[in-house]
Undergrad: 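Sharing a structure, written as structure tokens. Questions coming.
In what follows, every heavy atom counts, from backbone to side chain, and hydrogens, waters and symmetry copies are set aside.
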Amino acid sequence: MHHTSSAYRWFLRFNYVILTVIALLCLFPIVNILAISFSSSTAVNAGSVTLWPVDFTLSSYRYMLENNQFIHSFGTSLLRVVLGVSVNLLFTILVAYPLSKEAATFRSRTAYAWIFVFTMLFGGGLIPGYLVVKEMGLLDSVWALVLPGAVPIFNVLLMLNFFRGLPKELEEAAWMDGAGHLRTLWSVYLPVSLPSIATVTLFSLVGHWNAWFDGMIYMRSPEHYPLATYLQSILQQVSVQNENVTFEQAALLNEISDRTTQASQIFLSILPILAIYPFLQRYFVHGLVVGSVKG
């Protein structure tokens, strides 16, 4: 009956107010960046842009779409995400499935589990990691950004706990029909693990898209930088180049500034995540909660 009490209704209203304020605080920087990217350089330099574009213009986006380095880095990030998420998902499932079995079925399960947990708590460090990548001949290639983190242990633990929470009768029925481990994993476990798969996919996707430090370490040429590394590098310097430009480009440069260009770059970089997240969000909470609690 407390759900209909006056105190409970006020508690709900208070929660709505707090959550609305937090949501607005999270949205404010994004809206501000979007407004700056669509405003003229004069209005931005004058500090008159807050939540709405002033002297609306698409010049900064035109400049970015004509910037070969940005387009190339964007393509490198897309390739990294496709390869990285695929590799992460494959190894996460292949590692989590055997570790989810009982000790009677997989006797070395505990030893393997501790080995994986140990690598999550204690890393080899930057220099050993760089030397391994170098000796494997992966420097300056997209695989240097994908293979060192091929087995995300946190995602493995999440998937492992989700597998352990599945009814044992599903596996027993598959074994009675003559299925082996691979068939059971592919035809029984994966179809009912969509929330957990969507969750680890989102984690891997965001991680690869936002990662910039490994690109700075493993890429020798700035032309091979992923987008996050490229954005990190230009935020430390003046990004608008005024040399060797055509008459049309010179006219375009007069309409933009470093701030409008950086704002358009930042917004374009977060746009893929904003586009994908709504499709995975409905699985996110269920997969995260079930994978974290059970087991």
Undergrad: Give the intermediate values and the outcome of side chain to side chain contact (heavy atoms under 4.5 Å, CB included) for residues V156 and M120.
TA: CA-CA 11 Å; V156 170; M120 184 175 68; over 6 Å; no
Undergrad: Tell me the closest heavy-atom pair linking I197 and M159, and the distance in Å.
TA: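 Shortest heavy-atom separation between I197 and M159 comes out as CG1-CE, 3.9 Å.
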Undergrad: With a 4.5 Å heavy-atom cut-off, do H224 and H72 have their side chains touching?
TA: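 H224 reaches H72 side chain to side chain.
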Undergrad: Considering only residues two or more places apart or on different chains, which pairs with a residue in residues 19-46 satisfy ring pair (Phe, Tyr, Trp, His ring centres under 6.0 Å)?
TA: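 Counting only pairs at least two positions apart or across chains, the ring pair (Phe, Tyr, Trp, His ring centres under 6.0 Å) contacts touching residues 19-46 are F38-F56, F38-Y61.
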Undergrad: Are L83 and L147 connected in a single hydrophobic cluster, I mean Ile/Leu/Val/Met/Phe/Trp/Tyr linked by side-chain heavy atoms less than 4.5 Å apart?
TA: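 Yes, same cluster.
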Undergrad: Evaluate whether atom CD1 of I127 has more than 12 neighbouring non-hydrogen atoms of other residues, nucleotides or ligands under 6.0 angstrom away.
TA: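 Atom CD1 in I127 is not crowded, with 12 or fewer foreign heavy atoms closer than 6.0 Å.
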Undergrad: Quick one, L185 and I93 - any side-chain contact, counting heavy atoms below 4.5 Å?
TA: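 Side-chain contact under 4.5 Å: yes.
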Undergrad: Atom CD1 of I30 and atom CG of L274: how far apart are they, to the nearest 0.5 Å?
TA: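 So the CD1 of I30 and the CG of L274 are separated by 6.0 Å.
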Undergrad: Answer yes if L90 and V200 sit in the same cluster of Ile, Leu, Val, Met, Phe, Trp and Tyr residues linked by side chain heavy atoms under 4.5 Å apart, and no otherwise.
TA: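 Yes: a chain of side-chain contacts under 4.5 Å links L90 to V200.
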Undergrad: Could you tell me whether the side chain of S187 and the main chain of T184 form a donor-acceptor pair under 3.5 Å?
TA: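 Flag not set: sc S187 to bb T184 has no pair under 3.5 Å.
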Undergrad: Hey, could you give me the CD1/OG1 distance between I153 and T119, rounded to the nearest 0.5 Å?
TA: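 Here the rounded value is 4.0 Å.
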Undergrad: Any chance the rings of W186 and H181 have centres within less than 6.0 Å?
TA: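 For W186 and H181, the ring centres are not under 6.0 Å apart.
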Undergrad: Any chance you could measure F14, atom CZ, to I18, atom CD1, to the nearest 0.5 Å?
TA: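 Answer rounded to 0.5 Å: 4.0 Å.
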Undergrad: Give me the atom names and distance for the closest heavy-atom approach of Y230 to S73.
TA: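 Looking at all heavy atoms of both residues, the closest pair is CB-OG, 3.6 Å.
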Undergrad: In the structure I gave you, are the side-chain heavy atoms of S204 and N155 within less than 4.5 Å of one another anywhere?
TA: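 With C-beta onward as the side chain, the pair touches.
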Undergrad: Before giving the answer on side chain to side chain contact (heavy atoms under 4.5 Å, CB included), spell out for L158 and F203 the whole-Å C-alpha distance, their side-chain angles and the decisive distance to 0.1 Å.
TA: CA-CA 11 Å; L158 201 66; F203 283 161; 4.0 Å; yes
Undergrad: Flag yes if L205 and L271 sit in one hydrophobic cluster, no otherwise; membership is Ile, Leu, Val, Met, Phe, Trp, Tyr, and two members link when side-chain heavy atoms are under 4.5 Å apart.
TA: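 Yes, same cluster.
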Undergrad: Tell me whether V132 shares a hydrophobic cluster with L138, the cluster being built from Ile, Leu, Val, Met, Phe, Trp, Tyr side chains joined at under 4.5 Å.
TA: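 They do share one cluster, since a chain of ILVMFWY contacts under 4.5 Å joins V132 to L138.
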Undergrad: So, do F116 and Y112 have ring centers that fall under 6.0 Å from each other?
TA: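 Between F116 and Y112, the centre distance exceeds or equals 6.0 Å.
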Undergrad: So, for S193 and L166, which heavy atoms are closest and what is the spacing to 0.1 Å?
TA: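 Closest pair (atom of S193, atom of L166, distance): OG-CD1, 4.0 Å.
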Undergrad: Do T42 and S40 have a side chain donor and acceptor closer than 3.5 Å?
TA: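 Looking only at side-chain atoms, S40 and T42 do not form any donor-acceptor pair under 3.5 Å.
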Undergrad: Does a sphere of radius 6.0 Å around CG in L182 hold more than 12 heavy atoms from other residues, nucleotides or ligands, not counting ones at 6.0 Å or beyond?
TA: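 Atom CG in L182 is not crowded, with 12 or fewer foreign heavy atoms closer than 6.0 Å.
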Undergrad: Mind checking whether L190 and V192 sit in one hydrophobic cluster, side chains of I, L, V, M, F, W, Y counted as touching below 4.5 Å?
TA: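 Same cluster.
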Undergrad: Report yes if some heavy atom in the side chain of S264 is under 4.5 Å from a heavy atom in the side chain of F267; otherwise report no.
TA: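 Result no, sub-4.5 Å side-chain heavy-atom pair not found.
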Undergrad: Check T229 against W212 and note the closest heavy-atom contact, atom names and distance.
TA: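 In this case the closest contact between T229 and W212 is OG1-O, 2.8 Å.
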Undergrad: Hey, could you give me the CD1/CG distance between I217 and L139, rounded to the nearest 0.5 Å?
TA: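 Rounded to the nearest 0.5 Å, the CD1-CG separation comes out at 10.5 Å.
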Undergrad: Are the aromatic ring centres of F74 and W209 under 6.0 angstrom apart?
TA: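 They qualify: ring centres under 6.0 Å apart.
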Undergrad: Are R13 and W10 in a cation-pi contact, defined as NZ or CZ under 6.0 Å from the six-membered ring centre and within 45° of the axis?
TA: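 Yes, R13 sits over the ring of W10.
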Undergrad: Does T57 reach the side chain of S39, with side-chain heavy atoms less than 4.5 Å apart?
TA: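 The answer is no, as the side chains (C-beta and beyond) never meet within the 4.5 Å cut-off.
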Undergrad: Going by heavy atoms in the side chains, are T92 and P152 under 4.5 Å from each other?
TA: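 In contact.
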Undergrad: Side-chain contact, heavy-atom cut-off 4.5 Å: R164 with E102?
TA: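 The answer is no, as the side chains (C-beta and beyond) never meet within the 4.5 Å cut-off.
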Undergrad: For R183 and A179, which heavy atoms make the closest approach, and how far apart are they?
TA: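 Distance-wise, the nearest heavy atoms are CG-CB, 3.7 Å.
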Undergrad: List the atom of G84, the atom of H208, and the distance in Å for their closest heavy-atom pair.
TA: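 Heavy atoms only, the tightest pair is CA-NE2, 3.5 Å.
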Undergrad: Kindly compute the distance separating OH (Y225) from CD (Q69), expressed to the nearest 0.5 Å.
TA: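 Rounded to the nearest 0.5 Å, the OH-CD separation comes to 9.0 Å.
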Undergrad: Is the number of heavy atoms from other residues, nucleotides or ligands within 6.0 Å of CZ (F106) greater than 12?
TA: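 Result for CZ/F106: enclosed.
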Undergrad: Under 3.5 Å, side chain of N88 to main-chain N/O of G149, donor-acceptor pair present?
TA: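 Yes.
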Undergrad: What's the spacing between D140 CG and S221 OG if we round to 0.5 Å?
TA: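 Between D140 CG and S221 OG, I get 6.0 Å after rounding to 0.5 Å.
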Undergrad: Strictly by modelled atom types, are Y189 and E171 linked by a side-chain donor-acceptor pair under 3.5 Å?
TA: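 A donor-acceptor contact under 3.5 Å links the two side chains.
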Undergrad: Is the ring pair Y97/F163 parallel, tilted or perpendicular, if the boundaries are 30 and 60 degrees?
TA: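 Judged by the thresholds at 30° and 60°, the geometry between Y97 and F163 is perpendicular.
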Undergrad: State whether the side chain of T105 and the backbone N or O of K101 hold a donor-acceptor pair below 3.5 Å, judged by distance alone.
TA: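 Not a single qualifying donor-acceptor pair exists.
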Undergrad: Side chain to side chain contact (heavy atoms under 4.5 Å, CB included), that's the test. Do V54 and S48 meet it? Break it down for me.
TA: CA-CA 7 Å; V54 179; S48 57; 4.3 Å; yes
Undergrad: Indicate yes or no: at least one non-hydrogen side-chain atom of L227 is less than 4.5 angstrom from one of T76.
TA: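 No - every pair of side-chain heavy atoms lies 4.5 Å or more apart.
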